Amino acid sequence: MTPLLEVKGVSRFFGGLAALSDVTFQLYKGEILGLIGPNGAGKTTLFNVINGFYPPSKGEIFFRQQKISDMQPHRICKLGMARTFQVVKPLQRMTVLDNVIVSAYLRTGSREKAEKTAVETLHFTGLFEDRYVVSKGLPLGRRKRLEMARALATGPTMILLDESFAGLNPTELNESIGIIRKIKESGITIMIIEHHMKVIMAISDRIVVLNYGQKIADGTPEQTRNNPLVVEAYLGDAQNG
Amino acid sequence: MNGMLAIKGIDVYYDDVQVVLDVSFSVSRGEIVALIGANGAGKSTILKSISGLIRASKGEIIFDSRPVHTLEAYHLIDVGIAHVPEARRLFVEMTVEENLDMGSLKGDARKHRAKTREMVYELFPRLRERRRQLTGTLSGGEQQMVAIGRGLMSKPALIMFDEPSLGLAPILVREIFAVIKKIRSEGMTVLIVEQNVKQTLAIADRAYVLENGQIVMEGTGESLLNNEHVKKAYLGV
Amino acid sequence: MTGPQVEVLLQTLISGLLLGGLYALIGIGMTLIMGVMKIINLAHGELMMVGMYIAYGLFTFFHIDPYLSVIIAAPLLFILGVLLQKYLINPVMKVDSILPENQVILTVGIGMVLANLATIFFSSDYRSTPVDYATKAWYLSDVWKSSPIELSLSFPWTVSFLFSLVITAGLWFFLTKTDTGKSIRATAQDNDAALLMGVHVEKMRVITFGLGSALVGAAGCLFIPIYYLYPDLGGQFTLIAFVITILGGLGSTVGAIVGGIVLGVFESLTSTYIGMGWAPVGRFMIFVAALIFIPGGITSLFRRKRLGR
Amino acid sequence: MKKYLPLILMGLLAMLPLVGINTYLMHIIILVIMWSVIGMSWNLLGGYCGQVSFGHAAFFGVGAYTAGILYNKFQISAWWGLPASIVFVTGFALVIGYICLRLRGPFFALATLAMGVILRVTAENLSFLTEGDLGIMIRERTWVDKTWYYYIILLIAACTFYLVKKVIGSKLGYYFVAIREDQDAAESLGINTTLYKTIALCLSAVITGMAGAFYTNYMGYIDPKVVFALHDISIVAIMIVMVGGVATFWGPVIGSIIMVLLAEGIRSIPNLGAAHHSFFGVLLIVIIIFLPNGIMGDNPKLKKILRWGRTP
């Protein structure tokens, strides 16, 4: 089976410092891949490289058998890869509905069709009630979900979620987990950065762990949890203590 | 022990998003107190609201029995609080020495500048070698040393560290933690925010565990180190 | 190259260098403001124009030498800058609007008012200060009798250049050796970190705007012995200052000096070899080229080398 | 009712000359309409797409000179400048866009400002084409009466209004606003931001250029200082939108009514005429501080202020 996404030996330097070094992994259709690692491990940088904001300094990335590591973000999105941002970037002065319509226009030129897709997506993500709210005034939980809705409305085959759960209260958290399961059921492949260990362990099929820009583990949640390298990366070694 | 810093029921919002909910805790003179918790739990935000970079919308912050939450950020250093911020935040186009000098702009600290600087160089001999170098050209570990040194330059009573081990190799992390212990032994009080739970708890007298902007647990460093919940919170064991 | 050709080229380079030194002073004022406040001051040239009218007024009514008027004009401009920053620019930086360029447009408004007030008070006539040394010059043949080529060094140009060197050196001393200077640099580099060091950031912004205005005002006094003065001259110098900052890299004082000199020399070459009227076009060709080829400015080229390990 | 407002207004305006108004008033109305056109076009790029241009005089001037040069060098009616300017201005807009659109925010603004100045200086120096500072004079005016000029600019304005309305309601408009709100988000949602910014720039430039070509025909005389003016064209275009309302349909219309009347009003007051830039500048400052999104844009705020005035 050919992978949907293939990251091959990707490195990214900033002013001589390696934010990512030689990261390689694959992602198969229908999977949920969790990406974890301590603060500053390079997770968001990896997303930015995959999604085309930064070209990799070394290495290549293939998506649906096409090389995307030299493409601009909008082309990668058109190919079917959507993303959300850790720091939410709603189109502030637009309503929730208009935000999603913008995304839906990617696959159509007609206002009716775009609005139809947008309304469906809003129902799917439970934001329909808020459709006429200007997104600036939306509480954080809803804004995070709006990010997801926007990504979904572009009609992706794969979606990158960057900390879509951070700062949510328990109710919102459960709702969002439900939405992610639903996204998976609809056949969309998911890659997700998350700090809520409980959540990531529960929903991921496979987990990739980054530390200092390097991949230190790649396996099932069970394997990851018992991997001494991962434990050390998270809790730190206490030899000095 | 006498209470030096007391946080009383603060709420903090970022834009209109609440990141800290009714948090209270205290730090006594001479202690090392740690705040631990996952990313986004609100640890850094608490430090920023103590040092005045963000204002708490509710609650009080008392330092040396005087309220400091009403002070402008640039006055906090005058009352004796230094904040070594996350990601170091050095003045990258200045030399090591200029960065250190920036830590001692006011009052007594300014008078004793040369002496304190010597003390910092004793603590980090490597900085003396590089004192004419621009900090932007230093390695991550050296930059962290400058950041800590800069914090010490104001001769604070309380020094707050935000993720001092971030992005450092294990051997350097150990060095930084050793320095923090030494700083306390010289009479300063330390409040530290960390993700490196094990090492932090190993040096901390007391620690508070934060989840989603609330304190969910507190205890001595040792008791938390052996606590099952702490392990769970971090690895989902 | 024949003798006369060399002579023309060298003479052109000398004038370019002298002009560039003055340009650098204008550019430094703008780059300081840009670095600390992260805004572009489009009233910069108009502030220079105000400085020139002050020098003109002092000369015409009190017979004070333009070079001497620097010590009066610079403090006045400092105060003007402080007032503008405190009561107009600062409030707007806090306003939420659809177009974040509001502050830039605001400075355009300030510039319009200044230029127009100058027209009302002084009419739009061209003015100058007829100093007695205006045409004085030193010649190479005076010092070297058998020189194969003849070069001249205009007295007012040279004095202005030297003054601008002195002012730049003074500024450099202030920025690197005093705590206030360091605090200004710190504010430009990291606002929050500066706050944590106890720097009164708002005050630094006000001081910086004052300082930038004083610098460009001083540049105005240095320009008046060698340049005509009219109310609308500001816009042209705003653009020059902006081109210099783009050339040199935003917020970099060293960059502004390099940028100023590069621009001065280039303009001088354009007017010698292509035609006087084309100098502004040459200026903007450099500008466009800098935008396309070196987006971080000239200093970024050095920096890349220094930081690239 | 509201839906038909533009049509009703058009109808009323079309009948206006039948009432028989004097030449001066007609001149003012023509100016207002011409500036509305420029304002609407600036609004398309600046207000909706968020790319604040300080150099719309460049496009106005190129349009004006297209008409002028056709007449002066090729002996064709300057009216051909209207269609011809579409081609020329688009060409210029593509070049300027290539250079400036890679910059963001205030740097784009300044780069466009520089472009305006470059074109002015070029026009001053390319005398063989532009007659330099002497300018170009259209010696045979098409009509003595202003009525036909009025109908032509009214038609251009109506088309512009219709175009802006159509664009803003469509995919294009959504994309423009998305780019204004967050360029990175827009890019990651599959919007080719460079392409759409270029489209916004070209549309805006072409409309302004047509206004310029009309200006040549209407005024009968152009020179570089007038048609490439920074303060009197580029800045006024910004002010019209700022005063009237950023990213609103009627904002530019209201803004140009206010600005033209203000300019004429100030000029007609003895001893104050020379100070009209000061008034503009102060107005600009006041608007930015108190009504940052213009009269139409800050309606609720304005209402609040008025209400507050009534209840002491």
Side-chain angles (χ1 to χ4, degrees), chain A residues 47-48 50-54 71-95 97-115 118 134-136 143 146-156 159-160 162, chain D residues 43-44 46-52 98 101-102 104-105 163-200 241-242 245-249 251 291-294 296-301:
Chain A
F47 267 25
N48 281 333
I50 293 176
N51 140 275
F53 271 122
Y54 308 142
M71 279 186 194
Q72 286 183 307
H74 67 90
R75 285 196 54 208
I76 296 174
C77 181
K78 184 106 196 180
L79 258 182
M81 186 189 304
R83 77 167 286 183
T84 69
F85 290 92
Q86 182 186 1
V87 181
V88 286
K89 291 173 181 282
L91 308 172
Q92 303 229 8
R93 289 181 192 81
M94 291 174 125
T95 62
L97 180 62
D98 283 344
N99 259 276
V100 185
I101 288 179
V102 167
S103 302
Y105 266 130
L106 184 66
R107 310 280 174 205
T108 173
S110 115
R111 162 82 205 215
E112 285 69 38
K113 278 185 192 154
E115 188 164 342
V134 175
S135 55
K136 204 177 169 181
R143 268 194 261 181
L146 174 59
E147 284 273 318
M148 270 198 252
R150 259 182 2 187
L152 286 173
T154 61
I159 183 165
L160 306 172
D162 195 347
Chain D
N43 200 22
L44 200 55
Y48 290 105
C49 197
Q51 310 300 308
V52 171
Y98 174 78
L101 283 175
R102 64 184 69 217
R104 288 192 183 186
L163 179 83
V164 170
K165 200 135 196 171
K166 263 274 173 275
V167 163
I168 293 315
S170 74
K171 176 173 175 173
L172 209 53
Y174 271 85
Y175 276 18
F176 288 171
V177 178
I179 290 170
R180 179 188 77 197
E181 291 297 315
D182 194 315
Q183 208 167 306
D184 286 337
E187 183 77 27
S188 79
L189 294 175
I191 301 173
N192 185 346
T193 49
T194 315
L195 174 71
Y196 285 97
K197 283 195 290 184
T198 310
I199 293 176
V241 178
M242 298 281 305
V246 177
T248 58
F249 289 122
L291 288 176
N293 295 324
M296 297 300 281
D298 280 315
N299 247 335
K301 203 168 170 184

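First the proteins, then the strands, lettered A, B, ... as listed; each starts at 1. Here the structure is a predicted model, which means the values were calculated and not measured.
Between the side chain of D:K171 and the backbone N or O of A:G109, no donor-acceptor pair lies under 3.5 Å.
Annotation: side chain to side chain contact (heavy atoms under 4.5 Å, CB included) contacts of D:C49 (sequence neighbours excluded): D:Q51, D:F176, D:I179, D:K197, D:A200.
Between atom CZ of residue A:R93 and atom CG of residue D:N293 there is a gap of 7.0 Å, rounded to the nearest 0.5 Å. Here OG1 of D:T194 is found 6.0 Å from NE2 of A:H74. Values are rounded to the nearest 0.5 Å. To the nearest 0.5 angstrom, A:M94 atom CE is 6.5 Å from D:Y174 atom OH.
Looking only at side-chain heavy atoms (C-beta outward), A:V102 and D:V177 stay at 4.5 Å or farther from each other.
When the heavy atoms of residues 83-91 of chain A are compared with those of chain D, the residues falling under 4.5 Å are A:R83, A:F85, A:K89, A:L91, listed by number.
Chain A forms the most heavy-atom pairs under 4.5 Å with one residue out of D:D182, D:N192, D:I191, and that residue is D:N192.
Within a 6.0 Å sphere centred on CZ of A:F53, other residues, nucleotides and ligands contribute more than 12 heavy atoms.
Across A:C77 and D:S188, no two heavy atoms sit closer than the pair SG-O, 3.3 Å. Heavy-atom minimum distance, A:Q92 versus D:E181: N-OE1, 3.2 Å.
Contact annotation for A:R150: both backbone and side-chain heavy atoms come within less than 4.5 Å of a heavy atom of chain D. Interface remark: A:D98 contributes backbone and side-chain atoms alike to the contact with chain D (heavy atom separation under 4.5 Å).
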